[in-house]
Chemist: 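The structure under discussion is supplied below as structure tokens; questions concerning it will follow.
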Protein chains: 2
Amino acid sequence: MKLERLASVLKAVSHPKRLRILALLAEVDHEVCVCEFVDALELPQYQVSQHLRELRNENLVKGNREGTWVYYSLCEDETGERRGLIEGLVKAIDTEDYNDEVEKLKERFNKRENGKCTVGYDEED
Amino acid sequence: MKLERLASVLKAVSHPKRLRILALLAEVDHEVCVCEFVDALELPQYQVSQHLRELRNENLVKGNREGTWVYYSLCEDETGERRGLIEGLVKAIDTEDYNDEVEKLKERFNKRENGKCTVGYDEED
DNA sequence: TAGTTATATGTACATATATGCATATAAGTT
DNA sequence: AACTTATATGCATATATGTACATATAACTA
């Protein structure tokens, strides 16, 4: 990867919330809905969308719209270079550091119907 | 590593010049003098010092003063976690992307006397 | 001590980023 | 069409960062 490109990717990833989003996507093995992030991260919806936009701009995540809902996952790249980089970073994080959020995502996942979200997020935050 | 700590490290590393400094330190297998960085990176001395300070603040590099000169190298950490992280990042960079600077450092290294700098940097830049 | 060289740092300013809010868009529902 | 819900985005502003310059500090030399 070009040095400038790597620096740009790292910049996007160097924000705690965005790093956390990537860690969750790498940890749970399915697409995560925006509304699920809102609940798990306890962030207002606009912040989740803003962070996802930055990650999207760096081609680190991609959104998959299904009706009103948008499901996000880590991007695959041809060489797997970027993907491998992200997974490497996530592996460096103490698991306990995002375990709670993973649990919340799992609970949220179990509440899906036919594998899809139905309820949206809590209005708080 | 704590997630917040990793984000903080990545932030320091997400600047092209600082990433380049780390790449050079990882690539050449000896301490590099500030004056050698000034010549290799073609950056003014104060910028080199400023970037090194930020990397020092994150415990990524350490300086070793010998008289007027200060020689920098990558920090070792007990677990090797941070060091491994940096080396992993550097490995993701296209070698050709910093080969010229490595060459300049080697030339500079060959001009040392008793393994130590003697000449300082060019006043340009 | 004064002078010189190498390195570090404080300050100023322009630009970038984070954050919050309001609102737009997309899509489903009645 | 009007209404509701989920998501995205534009704008404002406070804060952080990059960059440049001047100058301080550290250490050697005469």
Side-chain angles (χ1 to χ4, degrees), chain A residues 4 7-8 10-21 31-58 61-72 108 111-114 116-125, chain B residues 4 7-8 10-21 31-58 61-72 108 111-114 116-125:
Chain A
E4 300 277 342
S8 176
L10 293 176
K11 193 173 197 173
V13 174
S14 70
H15 187 292
K17 297 297 183 187
R18 291 196 287 275
L19 186 54
R20 196 172 292 271
I21 287 173
E31 295 183 314
V32 177
C33 181
V34 175
C35 68
E36 294 172 322
F37 277 126
V38 170
D39 281 355
L41 300 172
E42 299 186 9
L43 279 182
Q45 174 269 322
Y46 69 82
Q47 277 197 20
V48 171
S49 284
Q50 281 169 344
H51 287 312
L52 287 170
R53 169 171 44 176
E54 289 200 53
L55 295 174
R56 241 172 25 227
N57 288 343
E58 290 293 338
V61 305
K62 64 173 189 294
N64 177 24
R65 182 176 281 274
E66 304 212 10
T68 344
W69 287 271
V70 180
Y71 299 88
Y72 279 86
R108 218 49 178 62
K111 287 178 184 155
R112 288 193 188 179
E113 292 172 27
N114 302 319
K116 296 301 158 191
C117 288
T118 49
V119 297
Y121 47 86
D122 299 341
E123 212 23 89
E124 46 186 346
D125 280 284
Chain B
E4 300 277 342
S8 177
L10 292 177
K11 193 172 195 174
V13 175
S14 69
H15 187 292
K17 297 297 184 187
R18 290 195 289 274
L19 186 53
R20 195 172 292 270
I21 287 173
E31 297 182 312
V32 177
C33 181
V34 175
C35 68
E36 294 173 322
F37 276 126
V38 170
D39 281 355
L41 300 173
E42 298 187 8
L43 279 181
Q45 174 269 321
Y46 67 83
Q47 279 198 19
V48 171
S49 283
Q50 281 170 342
H51 288 312
L52 287 170
R53 168 170 47 176
E54 289 199 55
L55 295 174
R56 240 171 26 226
N57 288 343
E58 290 294 337
V61 304
K62 64 172 189 295
N64 177 24
R65 183 178 279 272
E66 305 213 9
T68 346
W69 287 271
V70 181
Y71 298 88
Y72 278 87
R108 216 50 176 61
K111 287 179 186 158
R112 288 192 188 179
E113 291 171 27
N114 302 318
K116 296 302 159 189
C117 288
T118 49
V119 297
Y121 46 86
D122 297 343
E123 213 23 89
E124 46 187 347
D125 281 284

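Only a predicted model underlies this, so the values are computations on that prediction, with no experimental measurement involved. Quick note: numbers below take in every heavy atom, side chains included, and nothing from hydrogens, waters or symmetry partners. By convention in this document, chain letters (A, B, ...) are assigned in the order of the sequence lines, proteins followed by strands, and residues within each chain are numbered from 1.
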Chemist: Between D:dA20, D:dA6, C:dG20, spot the one nearest the side chain of A:Tyr121, thanks.
Modeler: D:dA6
Chemist: Compare all side-chain heavy atoms of A:Val48 with those of A:Lys17 and state whether any distance is below 4.5 angstrom.
Modeler: no
Chemist: Expressed as a whole number of angstroms, how long is the span from A:Arg20:CZ to C:dA18:P?
Modeler: 16 Å
Chemist: How many Å lie between CZ on B:Arg112 and P on C:dA6, as a whole number?
Modeler: 14 Å
Chemist: Report yes if a donor N or O on one partner sits less than 3.5 Å from an acceptor N or O on the other, where the partners are the side chain of B:Glu54 and the base of D:dG18; otherwise report no.
Modeler: no
Chemist: Rounded to whole Å, please give me the gap between CD1 in B:Ile21 and P in D:dG18.
Modeler: 12 Å
Chemist: Does A:Lys116 have more than 12 heavy atoms from other residues, nucleotides or ligands lying within 6.0 Å of its NZ?
Modeler: yes
Chemist: Do the side-chain N or O atoms of B:His51 get closer than 4.0 angstrom to the phosphate oxygens (OP1, OP2) of C:dA8?
Modeler: no
Chemist: Base, sugar-phosphate, or nothing for A:Glu36, non-hydrogen atoms under 4.0 angstrom?
Modeler: nothing
Chemist: Check this one for me: any side-chain N or O of B:Ser49 less than 4.0 Å away from OP1 or OP2 of C:dA8?
Modeler: yes
Chemist: Could you work out which one of C:dG20, C:dT9, D:dT7 sits closest to the side chain of A:Gln50?
Modeler: C:dG20
Chemist: Establish, with yes or no, whether the OP1 or OP2 oxygen of C:dT9 is under 4.0 angstrom from a side-chain nitrogen or oxygen of B:Arg56.
Modeler: yes
Chemist: Reckon B:Gln47 touches a base, only the sugar-phosphate, or nothing at all at heavy-atom distances under 4.0 Å?
Modeler: sugar-phosphate
Chemist: Would a 4.5 Å heavy-atom cut-off, applied to side chains only, mark B:Leu43 and B:Phe37 as touching?
Modeler: no
Chemist: Please give, in whole Å, the distance from D:dT7 P to A:Lys116 NZ?
Modeler: 12 Å
Chemist: Take atom CD of B:Glu42 and atom C1' of D:dT19, then tell me their distance rounded to the nearest Å.
Modeler: 18 Å
Chemist: Among C:dG20, D:dG18, C:dA6, which nucleotide sits nearest the side chain of A:Tyr46?
Modeler: C:dG20
Chemist: Report yes if the side chains of A:Gln47 and A:Leu41 come closer than 4.5 Å at any heavy-atom pair, otherwise no.
Modeler: no
Chemist: Whole Å only: how far is the CG atom of B:Asp39 from the C1' atom of C:dT5?
Modeler: 14 Å
Chemist: Does a side-chain N or O of B:His15 approach OP1 or OP2 of D:dA16 to a distance below 4.0 Å, or not?
Modeler: no
Chemist: Have a look at B:Lys17 and say if it touches a base, only the backbone sugar-phosphate, or nothing, with a 4.0 Å heavy-atom cut-off.
Modeler: nothing
Chemist: Do A:Lys111 and A:Thr118 have side-chain heavy atoms sitting under 4.5 Å apart?
Modeler: no
Chemist: So, is B:Tyr72 near the phosphate of C:dA6, with a side-chain N or O under 4.0 Å from OP1 or OP2?
Modeler: no
Chemist: If you compare every side-chain N and O of B:Gln45 against the phosphate oxygens of C:dA8 (OP1, OP2), does one of them come in below 4.0 Å?
Modeler: no
Chemist: When all nucleic acid strands are considered with a 4.0 Å heavy-atom cut-off, which category describes A:Cys33: base, sugar-phosphate, or nothing?
Modeler: sugar-phosphate
Chemist: Atom CZ of A:Arg53 and atom P of C:dT17: how far apart are they, to the nearest Å?
Modeler: 13 Å
Chemist: Ignoring hydrogens and angles, does a donor from either the side chain of A:Glu66 or the base of C:dG28 sit under 3.5 Å from an acceptor on the other?
Modeler: no
Chemist: What integer distance in Å separates A:Leu43:CG from C:dC21:C1'?
Modeler: 16 Å
Chemist: Should B:Arg18 be listed as having a side-chain N or O under 4.0 Å from OP1 or OP2 of D:dT17?
Modeler: no
Chemist: Which residue lies toward the 5' end of DNA chain C, A:Lys11 or A:Arg65, if each is placed at its nearest nucleotide?
Modeler: A:Lys11
Chemist: Is the closest side-chain heavy-atom distance between A:Cys117 and A:Glu66 below 4.5 Å?
Modeler: no
Chemist: Just checking B:Phe37: base, sugar-phosphate only, or nothing, at a heavy-atom cut-off of under 4.0 Å?
Modeler: nothing
